[in-house]
Each structure stands twice: as structure tokens, then as C-alpha cells.
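Notes follow the structure.
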Amino acid sequence: MQVPQHLSSAPSGAADNGLLARVPSQFVAQAARTLPDPACSLDDVMSVDIEAAWAGRVRLTFKRQRYCRPRAKVSYFAWHCIHAVPAPAGAPGDQPHAALP
């Protein structure tokens, strides 16, 4: 029996998050605190360059996530880190900036 080409044996939920697993969580939290309030932010994706101890200088990309209670009476926003890459040499300081699409 042949398997159709559109079905693969690779896991379908595999996400490319770069170096995120190697960045200690306290540095991700530190970077998230430098971002503006997610409820007031106009950008859905933002990134921050930080010095993450032994991981070196990394660029963390955050996505604004909306959480809501049942029946959507109350909603909350939070920053969710989705990607990390080595920061380019000569990158600006820890200032948040809009991520490039």
C-alpha cells in the first residue's frame, strides 16, 4: 500500500524556534519586561536583543497573544516568545523594535 505524497511521516507540529531552547528562561523574562504593555501595543510582533550569559547575544522575537475567558467577556494580552537567533554584530542595545515581516 502506497502512502499519498501529501501525507508525510514527519511530525506535523514541528516548529522552527531557532535557539530558543538554549536561552535561559530568566533572560526571556527579562526581555519580555522591556516590551510595552501588550494590551496597548500596535505591533503584533516585536523583537529584542539581549545578552544571554553563555548563549551570547541573541535576538528574541515575541508575538502578542490574546487570551479570553469563556464567552469572551474578558480578554487578556501577553507577549509570547516564539523565536531566537544570534544577534548580528553591531546590533543596537536592549531597545525593543518592531520585527521585520
Side-chain angles (χ1 to χ4, degrees):
M1 178 177 164
Q2 277 194 342
V3 178
Q5 286 184 337
H6 68 278
L7 298 176
S8 66
S9 60
S12 61
D16 178 28
N17 59 7
L19 302 173
L20 187 56
R22 296 181 183 168
V23 178
S25 60
Q26 68 263 25
F27 296 105
V28 176
Q30 177 185 356
R33 283 191 297 267
T34 65
L35 294 171
D37 183 20
C40 301
S41 178
L42 298 177
D43 298 321
D44 286 337
V45 177
M46 295 187 82
S47 61
V48 177
D49 295 341
I50 63 163
E51 187 67 39
W54 57 268
R57 190 146 187 86
V58 294
R59 176 169 290 163
L60 298 172
T61 303
F62 291 86
K63 181 179 179 185
R64 188 171 71 152
Q65 184 75 37
R66 179 178 179 242
Y67 299 97
C68 60
R69 301 294 296 167
R71 300 185 188 184
K73 291 183 179 180
V74 179
S75 62
Y76 305 95
F77 290 92
W79 291 112
H80 176 69
C81 191
I82 58 171
H83 194 75
V85 295
D94 297 341
Q95 298 299 319
H97 58 281
L100 299 174

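The structure presented is a predicted model; accordingly, all values stated were derived computationally and were not measured.
Not one N or O on the side chain of W79 forms a donor-acceptor pair closer than 3.5 Å with the backbone of R33.
For the atom pair R64 CZ and L35 CG, the distance stands at 12.0 Å (nearest 0.5 Å). Between the CZ atom of F77 and the OG atom of S41 there is a distance of 10.0 Å, given to the nearest 0.5 Å.
By the side chain to side chain contact (heavy atoms under 4.5 Å, CB included) test, A78 is found to be paired with Y67, residues two or more places apart in sequence or in another chain being considered. In terms of the side chain to side chain contact (heavy atoms under 4.5 Å, CB included) criterion, residue partners of A52 (sequence neighbours excluded) are, by chain and number, V23, F27, I50, A55, V58. Partners of I82 according to the side chain to side chain contact (heavy atoms under 4.5 Å, CB included) rule, which considers only residues two or more places apart in sequence or in another chain, are T61, K63, H80.
When every heavy atom of L20 is checked against every heavy atom of H83, the shortest pair comes out as CD2-N, 4.3 Å.
Under the 4.5 Å side-chain criterion, counting only non-hydrogen atoms from C-beta, P88 is in contact with R59.
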